[in-house]
Amino acid sequence: MIIAIDGPTASGKGTISKELAKHFALPFLDTGLLYRAVGWTVRENGTDADNPADALAACNFDSALLGDPALRSEAVGGLASRVSVHPEVRSALHKRQIDFAYQPGGAVLDGRDIGTVIAPDADVKLFVTASADARALRRFGEMKKRGELVNFSDILADIRKRDERDQSRATAPLKPAEDADLLDTTDLTIGDAILQAIALVNAKISRRTDK
Ligand code: DC
């Protein structure tokens, strides 16, 4: 079974995907990490994230980098969003994601274009979203907890900018697949969001076996 999870930053999709993978005993790939590794490498190389050739050159990063917590920072998230605009980068990362999705037994993948481009025939597609304010508030709380000096309106502005870039790019923009189930987590605790996601997957599976 392939489960495709898409949605904007801080929607809860990462936690939901990990929990679904655990619940259904499937391997999990956070595809955002691949773009983050490219963004991080561009910065290490001292090159330009907005230049397609520089971004493409950063795609042959060492796989060990994917485990580096430095990839999780807001700054690297912004760089990831910038390099992800280039079709060259998206094609360079394509095979790795397809191979993961179509491995025997299936997988859970989360990202922006899993249900639309990477695995359009996934068994289950969820589009996880939440209002920009709710997402900024979550991000604000996480960063404050880590002791980072943060300003709510800067975080909200960053989230809006990232949404706008991810949704408006020409190649594989962030949008729900036509057959995706929507899960709005604005007013849900993360625990309730996970339970709803599991219920949506189970409903989809039982509809398929009824046919
Ligand atoms: O999910 P994330 O915040 O780690 O993703 C970082 C950026 O990577 C995101 O803003 C856009 C890009 N991305 C993408 O274009 N396609 C994906 N499948 C995953 C992430």
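Remember, it's 1-based here, ligands and their atoms both numbered in the order they're listed. A quick note: this is a predicted structure, and the numbers were derived from the prediction, not measured.
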- Task: State plainly whether the residues Lys161 and Glu164 are in salt-bridge range, i.e. N to O under 4.0 Å.
- Result: no
- Message: With a 4.0 Å cut-off on N to O distance, would you call Arg90 and Asp113 a salt bridge?
- Response: yes
- Verdict with supporting geometry, Val42 and Asp48, side-chain contact (heavy atoms from CB on, under 4.5 Å): CA-CA 6 Å; Val42 158; Asp48 179 6; 5.8 Å; no
- Task: Quick one: list whatever passes side-chain hydrogen bond (donor to acceptor under 3.5 Å, both in side chains) with Gln196, sequence neighbours left out.
- Result: none
- Are Arg162 and Ser81 linked by a side-chain donor-acceptor pair shorter than 3.5 Å? no
- Have Asp184 and Thr186 got a donor and an acceptor in their side chains that come within less than 3.5 Å? yes
- Near ligand 1 (heavy atom, under 4.0 angstrom), the protein residues are Thr9, Lys13, Thr31, Gly32, Tyr35, Arg36, Ala80, Ser81, Ser84, Arg90, Gly111, Arg112, Asp113, Arg162, Asp166, Arg169
